[in-house]
Amino acid sequence: MINPDPVMALSTLAQLDPAVLAQSPHVLVSWWKPVLILAPVVAWAWMVSSVFDKHAARFFLGPEKWNAIHLAFGVVGVGAALLMPLPGIAGFLVGYLILIVLLAADVLLFVGLTNKDERVPEKHHLRLDFSSFAEAKLARSEAKQQATVQLEIKGPSGLLIRAPQKDSPEYEIRAAAEQIFIKSRQARASQVDFAPAGEGTYAASYLIDGVRQAGDAIPTPDALKLIDFWKGSAELDLKDRRRKLTNTVEVGSGAEHTGVKIVTSGSQSGMRLTMTFDPDKAVRFDIDDLGLLGPQLDSVRTLGKQEGGIVLVAAPSDHGRTSTMYALLRMHDAYTENVQTIELEIEDRMEGARQLQFEPKEDGPDYATTVRSVLRRDPDVVGIMELPDVETAKEISKCDKARSRVYVSMKAEGALAAAQLWVKAVGDANGASDGLTGLIAQKLVRRLCENCRVPYQPPPEILKKLGLPADKIKQLHKKGGQVLIRNKPEICPACQGLGYVGQIGVYEVYELDDDMRAAVTKQDWAGLRNALRKTQRPSIQQAALRRAVEGVTSIEEVMRVTAASPSRPSSGKKKVARPAPAQPAAD
Ligand SMILES: [Zn+2]
């Protein structure tokens, strides 16, 4: 009868006296001894014959000498395992250990000497690669982390939101909600958005350096649970699934905390969630760090020193207009000058300034009336953070322009377009040109990742097309996204393969003189364009190309951002768009 019980089999084995077995000349060893000995020897022999032999030959390490050394190690090792004079299993184990140590010593010796040998190029250095084990371990620990609550979440009232009981469904939701935050921060996203994508799913998308990147699809029931979790954390009304609701929570661990603005709204297709990370820091820049070129920065400072006058600040949505507005207003000393703002949503607090958040009320004053009442008090500096309607433009044009400096933020593609839009909104070219002191327009281009950008020699005809001096520019850069790690191309860790990290503003800055104002009064847009061009100041596209020549950005990115820019003045007949409706989104 065959006994399948392994315990029985083991005890049978133990009954045999190993000493007797070892001493018997016919039974050299038990069946398992040669198997144990062969396993490391085969592995070692494979390594020596297929890896080390080729390596030794290719880098002149002398394969004959090396093969003799390998062989010596192997023979001594196997000899020790087989001929250990000590009796019994203990004797075998000592011999076996010596075999393992000798084979390992041989391998380490070869690798060590190879890597020290100056004739062996760096990329051909041998590595005893355990990275696949490390990766598997990392993946396991990541999976474990994904299922755990590890962050502190504080509601708007500053109270810590406690983690639910482990193994409860709420715990799982909390862990998944934390993962959204963790993934967003790892990807350097400034914003993450969850919106219904049809067919029972939600789509996540991440805003990284001003460009939307698609994320994972999530089944609708899961997405709704996550939305409700963040909504609840922000103390928003869970039952209100239609109106736009917003509040801020704080998320982090240890000393590091991030303000997260939670915005939810609903439509026919379903609920939507937008999380914006550190919205105040995102718009806080020093005037020197915006990306203005030297002479442009000088012009901005000159404009800042003048008393009174209207400065138009223009950019399309999400092109840094709010950051520029705050930086311009901060040039003024809010303690010696009376600095005021009118904002639809206060995105950053400025010390010393009076910031007024406009709240539309049914029987309250409208935006234009609010602007008028502020301007009537003759403040030194006013920031109008949005130009929502023509009524507001008319009110601004009526202020005491010799007394008050007014920065007007508006949505436009460029300086010339801003001037056109301004005249159209005011509805009176005389009133619009009066006191018009400066035009500032901008866009944002993404910065190339310095870790993986790829230099190349641009063809002269391309340079000519771009208006760049072909004889001076020997090299430009394009986006990479990959780096060589151990001689293998892998996703760049600095930019997660996107090829870009961060953004920089590219500007047009013009101080207006009497001739330019006369051109505005006459609505002679071709004349104004020529006058602006004569200042020799770069246009947005020229400023962007300069950044490309410096290697800060790519030609591809310059084209992406500036292609939509109509630098040509529109003909008199072409309709100029009304000022766009209020855009509460962070610009
Ligand atoms: Zn990179």
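Index from 1, following the sequence. The figures that follow rest on heavy atoms only: side chains count, while hydrogens, waters and symmetry mates do not.
Between Ala368 and Asp389, the closest heavy-atom pair is CB-OD1, 4.5 Å. For Gly499 against Cys452, the heavy-atom pair with the smallest separation is CA-SG, 4.2 Å. Nearest heavy-atom pair, Ala441 versus Gly414, reported as atom, atom and distance to 0.1 Å: CB-C, 3.5 Å. The heavy-atom pair separating Val382 from Leu329 by the smallest distance is C-CD2, 4.2 Å. Annotation for Val374 and Pro379: closest pair O-CD, 3.4 Å, computed over non-hydrogen atoms. Scanning all heavy atoms of the two residues, the minimum distance from Phe194 to Tyr202 falls at C-CD2, 4.0 Å.
Ionic pairing of Asp240 and Arg243 is present here: one or more N-O contacts between side-chain nitrogen and carboxylate oxygen are shorter than 4.0 angstrom. Using a cut-off of 4.0 Å between Lys/Arg side-chain N and Asp/Glu carboxylate O, Glu550 and Arg547 are scored as salt-bridged. Salt-bridge formation is not detected for the pair Lys394/Glu391: no Lys NZ or Arg NE/NH1/NH2 atom is positioned less than 4.0 Å from an Asp or Glu carboxylate oxygen. At a threshold of 4.0 Å, the pair Asp209-Arg188 counts as salt-bridged, since one of the basic side-chain nitrogens sits closer than that to a carboxylate oxygen. Using a cut-off of 4.0 Å between Lys/Arg side-chain N and Asp/Glu carboxylate O, Arg272 and Asp193 are scored as salt-bridged. Between Glu557 and Arg447 there is no salt bridge, since no side-chain N of the basic residue sits under 4.0 Å from a carboxylate O of the acidic one. Note on Lys261 versus Asp278: no salt bridge recorded, every NZ/NE/NH1/NH2 to OD/OE distance being 4.0 Å or above. Using a 4.0 Å cut-off between charged nitrogen and carboxylate oxygen, Lys281 and Asp348 do not count as a salt-bridge pair. Classification of Asp280 and Arg284 as a salt-bridged pair holds, one side-chain N sitting under 4.0 Å from a carboxylate O.
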>> Walk me through whether Arg517 and Asp434 qualify under salt bridge (Lys or Arg N to Asp or Glu O under 4.0 Å).
In response: CA-CA 7 Å; Arg517 273 187 288 274; Asp434 177 38; over 6 Å; no

> Going through the checks in order, is the salt bridge (Lys or Arg N to Asp or Glu O under 4.0 Å) test met by Asp288 and Arg301?
Replying inline: CA-CA 10 Å; Asp288 297 311; Arg301 289 198 192 285; 2.5 Å; yes

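Surrounding CD1 of Ile346 are more than 12 heavy atoms belonging to other residues, nucleotides or ligands, all under 6.0 Å away. Counting heavy-atom neighbours within 6.0 Å of Glu351 CD, excluding the residue itself, gives a total of 12 or less. Around the CD atom of Gln457, the shell of radius 6.0 Å holds no more than 12 heavy atoms that belong to other residues, nucleotides or ligands. For Gln357, the CD atom is densely surrounded, since the number of other residues' heavy atoms within 6.0 Å is greater than 12. Other residues, nucleotides and ligands place more than 12 heavy atoms under 6.0 Å from the CZ atom of Arg403.
Annotation: side chain of Leu466 is in contact with side chain of Ile555 (closest heavy-atom distance under 4.5 Å). Residues Ile384 and Val371 have side chains in contact (heavy-atom distance under 4.5 Å, counting atoms from C-beta outward).
Although no hydrogens or angles enter the test, the distance criterion places no donor-acceptor pair under 3.5 Å between the side chain of Asp286 and the main chain of Asp289. The main-chain N or O of Tyr507 is found under 3.5 Å from a side-chain atom of Gln296 such that the two form a donor-acceptor pair. Side-chain N or O atoms of Thr553 include one that pairs as donor or acceptor with a backbone N or O of Arg446 at under 3.5 Å. Although no hydrogens or angles enter the test, the distance criterion places a donor-acceptor pair under 3.5 Å between the side chain of Thr562 and the main chain of Val558. In terms of modelled atom types and a separation under 3.5 Å, the side chain of Ser433 and the main chain of Ala429 share a donor-acceptor contact. Side-chain N or O atoms of Gln482 include none that pairs as donor or acceptor with a backbone N or O of Glu490 at under 3.5 Å. The main-chain N or O of Lys478 is never found under 3.5 Å from a side-chain atom of Arg453 such that the two would form a donor-acceptor pair.
Of the inter-residue distances, the one linking Met271 atom CE with Leu245 atom CG reads 8.0 Å to the nearest 0.5 angstrom. Here the CE atom belonging to Met275 is positioned 12.5 Å from the OG atom belonging to Ser190, to the nearest 0.5 angstrom.
Taking Cys399 as the reference, Leu375, Lys401, Val406 meet the side-chain contact (heavy atoms from CB on, under 4.5 Å) condition, with sequence neighbours excluded.
For Phe358 and Tyr367, the ring centers are positioned less than 6.0 Å apart.
Counting only N and O atoms by type, the side chains of Gln541 and Ser539 include no donor and acceptor under 3.5 Å apart. Of the N and O atoms on the side chains of Gln442 and Thr324, at least one donor lies less than 3.5 Å from an acceptor on the other residue. Using modelled atom types, one finds a donor on one side chain and an acceptor on the other under 3.5 Å when comparing Glu343 with Gln355. Lys411 and Ser317 share a side-chain donor-acceptor pair at under 3.5 Å.
Between Ser205 and the choices Gln213, Arg212, Gln191, the side chain to side chain donor-acceptor pair (under 3.5 Å) rule is met once, by Arg212. Residue Ile262 is tested with Leu273, Thr276, Thr248, Thr274 for a side chain to side chain contact (heavy atoms under 4.5 Å, CB included); the sole match is Leu273.
Under a cutoff of 6.0 Å and an axis angle of 45°, Lys479 and Tyr500 do not form a cation-pi pair.
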